[in-house]
Amino acid sequence: PAEVSYLLALLKDLQPQRVVHVRSVKGAAGIIAANESCQPAAKEAADWMKFKLATLPSKGSSASTMERYISASGSSDMIMFAIPQTTPRAELWERYGDTLLNFLLGDDTGTRELARQQSKESSAERVKESSEK
């Protein structure tokens, strides 16, 4: 399909360090799937958000989805962030925005700390609370 060819060409041209695929999933529990290089960040987020955690296949595996293709190619880090579709639209960014930024920013702790200073409770605030225990 044209969209698959386009994405493959884009990945080849841009050669991103990390690809984050955000999608929805049925049910009340989210899922975070990541290749080996992203497992520490994925596990941390899955633990404090109470999401399921999955490991994407390693380099050299067969690929049938975008996540598996990127993981199997070994060209980029890959995280699939599946948010429960039961989440009210008005609450999506408040609940999951800083988690997404954490995946994108990696070790940029200064920006992550700014997210934690928000007055409303957010997923970044939950990570701060869990690390203090």
Side-chain angles (χ1 to χ4, degrees):
E3 61 270 15
V4 173
S5 296
Y6 173 76
L7 282 173
L8 293 176
L10 194 60
L11 289 169
K12 185 178 178 182
D13 289 345
L14 296 176
Q15 299 179 351
Q17 179 181 351
R18 177 176 288 170
V19 176
V20 179
H21 178 201
V22 181
R23 57 168 295 186
S24 64
V25 65
K26 291 183 180 181
I31 302 170
I32 298 173
N35 62 357
E36 188 176 327
S37 59
C38 293
Q39 278 296 306
K43 182 178 180 348
E44 178 186 16
D47 286 349
W48 47 266
M49 296 195 71
K50 301 193 182 352
F51 276 24
K52 295 176 187 176
L53 177 65
T55 302
L56 292 169
S58 60
K59 188 174 181 178
S61 302
S62 63
S64 60
T65 65
M66 180 180 71
E67 290 90 358
R68 289 176 190 255
Y69 174 81
I70 293 169
S71 295
S73 73
S75 61
S76 301
D77 293 344
M78 180 71 225
I79 296 177
M80 187 271 299
F81 185 32
I83 298 168
Q85 70 181 34
T86 57
T87 307
R89 286 182 182 257
E91 298 176 18
L92 285 171
W93 185 253
E94 183 179 327
R95 285 194 195 182
Y96 306 116
D98 52 333
T99 303
L100 177 59
L101 290 175
N102 285 342
F103 287 150
L104 295 172
L105 295 171
D107 294 328
D108 185 351
T109 55
T111 304
R112 292 172 72 181
E113 186 58 34
L114 288 174
R116 290 185 179 108
Q117 293 173 9
Q118 295 179 27
S119 60
K120 295 181 180 180
E121 184 173 336
S122 63
S123 55
E125 190 60 33
R126 288 191 296 274
V127 108
K128 183 178 178 183
E129 291 170 2
S130 69
S131 67
E132 292 173 351
K133 291 181 182 178

Self-check item: Over all atoms of both residues, closest heavy-atom pair of Trp93 and Leu100
Solution: CZ3-CD2, 4.3 Å
Quiz item: Residues two or more places apart in sequence or in another chain: which of them pass salt bridge (charged side-chain N to carboxylate O under 4.0 Å, His left out) with Lys52?
Solution: none
Self-check item: Same cluster (ILVMFWY, side-chain, under 4.5 Å), Leu8 and Met80
Solution: no
Quiz item: Excluding sequence neighbours, so at least two apart, what forms side-chain hydrogen bond (donor to acceptor under 3.5 Å, both in side chains) with Thr87?
Solution: Tyr96
Self-check item: Met78 reachable from Leu11 in the ILVMFWY side-chain graph, under 4.5 Å edges
Solution: yes
Quiz prompt | Residues that Ser76 engages under side-chain hydrogen bond (donor to acceptor under 3.5 Å, both in side chains), provided they are two or more places apart | solution = none
Exercise. Sequence neighbours left out, what pairs pass salt bridge (Lys or Arg N to Asp or Glu O under 4.0 Å) with at least one residue falling in residues 19-29?
Key: none
Quiz item: Among all residues two or more places apart in sequence or in another chain, which pass the side-chain contact (heavy atoms from CB on, under 4.5 Å) test with Ala34?
Solution: Cys38, Gln39, Ala42, Ile79
Quiz item: Honestly curious: do Leu104 and Leu10 fall in one hydrophobic cluster under the side-chain, below-4.5 Å linking rule?
Solution: no
Self-check item: Partners meeting side-chain contact (heavy atoms from CB on, under 4.5 Å) with Pro40 (sequence neighbours left out)
Solution: none
Exercise. Treating Ile, Leu, Val, Met, Phe, Trp and Tyr as nodes and any side-chain heavy-atom pair under 4.5 angstrom as an edge, say whether Leu101 and Met49 lie in one connected cluster.
Key: yes
Quiz prompt | Closest non-hydrogen atom pair between Thr86 and Ala28, with its separation | solution = OG1-CA, 4.0 Å
Self-check item: Residue pair Ile31 / Phe51, side-chain heavy-atom distance below 4.5 Å
Solution: no
Pairs of donor and acceptor atoms involving the side chains of residues 14-21, under 3.5 Å and at least two apart or interchain, shall be tabulated with distances.
from: Arg18; atom 1: NH1; to: Phe103; atom 2: O; distance (Å): 2.6
from: His21; atom 1: ND1; to: Glu67; atom 2: OE2; distance (Å): 2.2

Quiz item: Nearest heavy-atom pair of Ser37 and Asp77: which atoms, and what distance?
Solution: OG-OD1, 2.5 Å
Quiz item: Taking the side chain as C-beta and beyond, is there a heavy-atom pair between Pro88 and Arg95 under 4.5 Å?
Solution: yes
Quiz item: If you take all heavy atoms of Ile32 and Ala45, which pair is closest and at what distance?
Solution: CD1-CB, 3.7 Å
